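We count ligands from 1, going down the list as the structure has it; atoms in each ligand are counted the same way. Model, not experiment: these values are computed from the prediction.
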Amino acid sequence: MQTLGEFIVKKEHDFPHATGELTALLSAIKLGAKIINRDINKAGLLNILGANGVTNPQGEAQTKLDEFANGALKAALEARTEVAGIASEEEEDVVIFKGEKAKNAKYVVLMDPLDGSSNIDVNVSVGTIFSIYRRTTAIGLPITETDFLQRGRAQIAAGYIVYGSSTMLVYTTGCGVHAFTYDPSLGEFCLSHEAVRYPTQGHIYSINEGNYIKFPLGIKEYIKYCQQEDEATGRPYSSRYIGSLVADFHRNLLKGGIYMYPETASYPQGKLRLLYECNPMAFLAEQAGGKATDGTRLILDIDPTELHQRSPLFIGSQSMVEKVEQLIAESSKNTF
Ligand code: P6P
């Protein structure tokens, strides 16, 4: 049995920015996750289900648990000397932590505190997504929004917590992907999957086919490709779509598969946010031998311009992502 803290110390050469700082950063996230996990498990009993009457920066009805999760993680991170501030799906602007310690802190954290929260009311898995960067502004000065508008390739750590049949924390610092399962009797996340890699070939595709009519031609062709009989490539693939990115991503990471959220009529830029959904998941995917693109560009190489900007996302087993990229490219050549 190895706890997350023990694992980080053992792998200290994996984090050139100093083990103590990563341990502190992930400890704050662990603490936030434990608090969220505790209340998600009792959600049906506490008055924390449903909307809180607030609309978040995305124009979506914020749930009581969204607000609760955001507050729990923000407080846990603000209490650490290593974090200068955060950006969150639930915050319009970046949150610059106050005081001298924040001005001298080295890191910023971006997060989706509770992804898929609308699923909680129906007892479906949800997740927390986090992304960690070194600040770009000089130590000793207050951070600014530019500290958060960095390419995903610059992330120093990223991960998620999936609140499912068990609660798991999955992270990378650029030296592989490692997964820890929460043991409530110990109050610890314990190593359960070291150096997770996508299976070479996946047979699961995840997409909301309700948007089919408005999908670009290449996506429609890929869906048909997944449904064709072909023994050699194990088709037809299985369609699995939970409606919770973290849960779909986690299953596809372990079993092989692709998650797709293309541009749709409702979301012409794609629905998922580049900075605190696509980038952290793309870092994990690449570290596990997979791939993540917006259909043409690698997610991690996109230059962000806005805090809450959206992006189409195709992420998972490399061969599956490359197949959909090929069909997108071919269909765009055939359009006049
Ligand atoms: P749709 C949850 O709101 C989320 O951001 C992802 O977790 C999920 O995969 C997607 O949106 C579901 O969106 O439009 O298919 O309901």
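- Contacts of ligand 1 (protein heavy-atom distance under 4.0 Å) are Asp115, Gly116, Asn208, Tyr241, Gly243, Ser244, Leu245, Tyr259, Tyr261, Lys271, Leu272, Glu277.
- A donor-acceptor pair shorter than 3.5 Å can be found between the side chains of Thr296 and Asp294.
- Lys291 places no side-chain N or O within donor-acceptor distance of the main-chain N or O of Ser319, the cut-off being under 3.5 Å.
- A donor-acceptor pair is defined here as one N or O able to donate and one able to accept, closer than 3.5 Å; no such pair exists between the side chain of Thr181 and the backbone of Cys190.
- Two rings, from Phe180 and His193, have their centers 6.0 Å or more apart.
- The salt bridge (Lys or Arg N to Asp or Glu O under 4.0 Å) contacts involving residues 260-278 comprise Glu60-Arg273, Glu89-Arg273, Arg273-Glu277, where partners must be two or more places apart or lie in separate chains.
- Here the side chain of Asp248 pairs a donor or acceptor atom with the backbone of Ile242 at under 3.5 angstrom.
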